[in-house]
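Read the structure below first, then the notes.
Numbers here simply count residues along the sequence, with the first being 1.
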Amino acid sequence: MNKHLLLAETDDIEQECLSRHAVWQRNDLAQAQQDWLAEEVPVALVYNGISHVVMMATPKDLAAFAIGFSLSEGIIASPDDIYDIRQQPACNGIEVHVELSSRRFMQLKEKRRSLAGRTGCGVCGVEQLQEVAQPIAPLPFTQRFDLALLDRALAQLQEVQTVGKLTGCTHAAAWIQPDGALSGGCEDVGRHVALDKLLGYRSQQAWLQGAALVSSRASYEMVQKSAMCGVEILFAVSAATRLAVEVAERSNLTLVGFSKPGRATVYTHPQRLWQSTPAA
């Protein structure tokens with residue numbers, strides 16, 4: 001797939017992510033003020049003409065979302081399985097048309113799941129409970145990260161939230177380089193969608209060394225998506241669930257929660273981490 005597809009979105013779409021609305025503050029109910037709101041629209045992923053899933057998402061970075069979702073759900077093995085991505089308005093939302101290779105499309109049709117829109121629930125619409133836990137090949141142990149550099153990454157996380165800075169309404173997912181700097185990141189009103197967008201960009205930019213950082217809690221699906229895409233280390237700003245820890249343990253993923261300045265709770269596989277200097 002051509003890499004320029006990720007750059008096809010324009011500033012016009014960025015503008016569509018925000019809107020103004022009158023609000024009243026607790027200490028001044030008599031005077032309305034204008035504030036920013038983040039847009040949330042239905043986004044349908046359509047594979048070779050067949051709608052597969054509808055997600056509520058922020059209307060930006062949708063090509064990256066399509067690639068990341070396809071990778072993290074096992075629909076494709078690499079971006080090369082996608083021949084084209086097109087976006088078009090539909091009803092009150094956006095359709096993202098993905099043209100898959102014939103082989104991948106046939107596999108998708110054989111194991112098609114009807115998924116409902118999900119902002120916070122990764123199980124909604126899954127037809128059978130056994131489909132929740134996808135088989136994941138155990139990850140290798142090729143990455144290392146100095147926890148002394150985590151605070152540097154955390155300080156930069158807001159830089160990838162252009163909509164979030166104005167609205168306080170988006171989650172972020174970013175890629176941390178081994179030196180603690182961020183290679184880049186994505187935002188969305190849905191934490192799963194933000195991560196899918198990041199995984200899509202990572203696959204195109206060949207960000208291999210480092211770790212993923214998400215501004216949310218770590219659910220089992222966040223861990224599963226990361227492991228499916230070969231991410232060995234996942235930092236979450238909030239807590240992890242028990243199922244997330246079980247999936248991380250099984251897949252050899254290093255899972256870290258409560259990632260905040262001077263703090264981090266390592267749930268699984270701590271051998272990838274080290275601390276060069278004492279935490280402040």
Side-chain angles (χ1 to χ4, degrees), residues 1-10 13 41-91 93-119 122-128 130-137 139 173 175 186 188 190 192-208 212 221-231 251:
M1 192 196 72
N2 293 331
K3 292 186 178 182
H4 75 269
L5 289 173
L6 290 185
L7 305 177
E9 298 172 4
T10 66
I13 291 182
V41 302
V43 176
L45 294 184
V46 182
Y47 292 96
N48 293 32
I50 297 179
S51 182
H52 178 70
V53 64
V54 177
M55 310 281 280
M56 299 305 296
T58 303
K60 63 181 291 192
D61 301 322
L62 296 184
F65 168 50
I67 298 170
F69 180 89
S70 302
L71 285 166
S72 66
E73 292 290 322
I75 295 171
I76 62 174
S78 81
D80 292 336
D81 292 323
I82 295 178
Y83 294 156
D84 190 30
I85 297 177
R86 294 177 292 104
Q87 301 176 32
Q88 65 183 50
C91 300
I94 300 171
E95 286 184 348
V96 181
H97 289 262
V98 181
E99 183 183 346
L100 291 178
S101 67
S102 297
R103 182 171 63 90
R104 287 294 171 183
F105 183 57
M106 290 302 295
Q107 291 174 350
L108 176 62
K109 286 203 300 183
E110 290 171 4
K111 189 185 176 183
R112 189 164 171 238
R113 298 188 296 174
S114 297
L115 299 176
R118 56 186 184 187
T119 312
V123 184
C124 300
V126 176
E127 293 174 344
Q128 298 180 1
Q130 56 263 38
E131 292 184 26
V132 169
Q134 297 187 38
I136 303 171
L139 294 164
W175 188 256
C186 299
D188 198 275
H192 301 101
V193 180
L195 180 58
D196 275 329
K197 289 178 178 180
L198 172 69
L199 295 173
Y201 269 115
R202 174 177 175 263
S203 72
Q204 295 290 281
Q205 302 298 325
W207 296 334
L208 301 178
E221 189 179 32
M222 304 287 276
V223 172
Q224 185 167 271
K225 284 177 177 292
S226 299
M228 285 285 289
C229 293
V231 175
S251 61

message: Please check this pair: side chain of K197 against backbone of K60, looking for a donor-acceptor N/O pair closer than 3.5 Å.
response: yes
message: Checking the side chain of R202 only, and the main-chain atoms of C229 only, is there a donor and an acceptor separated by less than 3.5 Å?
response: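 Yes: the side chain of R202 pairs with the backbone of C229.
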[X] vs [Y] side-chain heavy atoms within contact, under 4.5 Å:
X	Y	value
M56	P42	yes
Q224	I136	yes
I85	L62	no

For residues 95-102, tabulate all N or O donor-acceptor pairs below 3.5 Å that involve a side-chain atom, not counting sequence neighbours.
residue	atom	partner	partner atom	Å
E95	OE1	Q88	NE2	3.4
E95	OE1	H97	NE2	2.8
S101	OG	R104	N	3.3

task: Can you measure from CG (N48) to CG (D84) and round to the nearest 0.5 angstrom?
output: 10.5 Å
- request: First locate atom CD of Q205, then atom CG of L198, and finally report the distance between them rounded to the nearest 0.5 Å.
  value: 11.0 Å
From CA spacing to verdict: side-chain contact (heavy atoms from CB on, under 4.5 Å), D196, K225: CA-CA 8 Å; D196 275 329; K225 284 177 177 292; 2.9 Å; yes
query: What pairs with A57 under side chain to side chain contact (heavy atoms under 4.5 Å, CB included), at least two apart in sequence or on another chain?
result: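 Applying side chain to side chain contact (heavy atoms under 4.5 Å, CB included) to A57 gives V43, D188, V193.
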- line: Heavy-atom nearest pair, A212 first then W175, reads N-CZ3, 3.6 Å
Contacts of type side chain to side chain donor-acceptor pair (under 3.5 Å), residue S70, not counting sequence neighbours: Y47
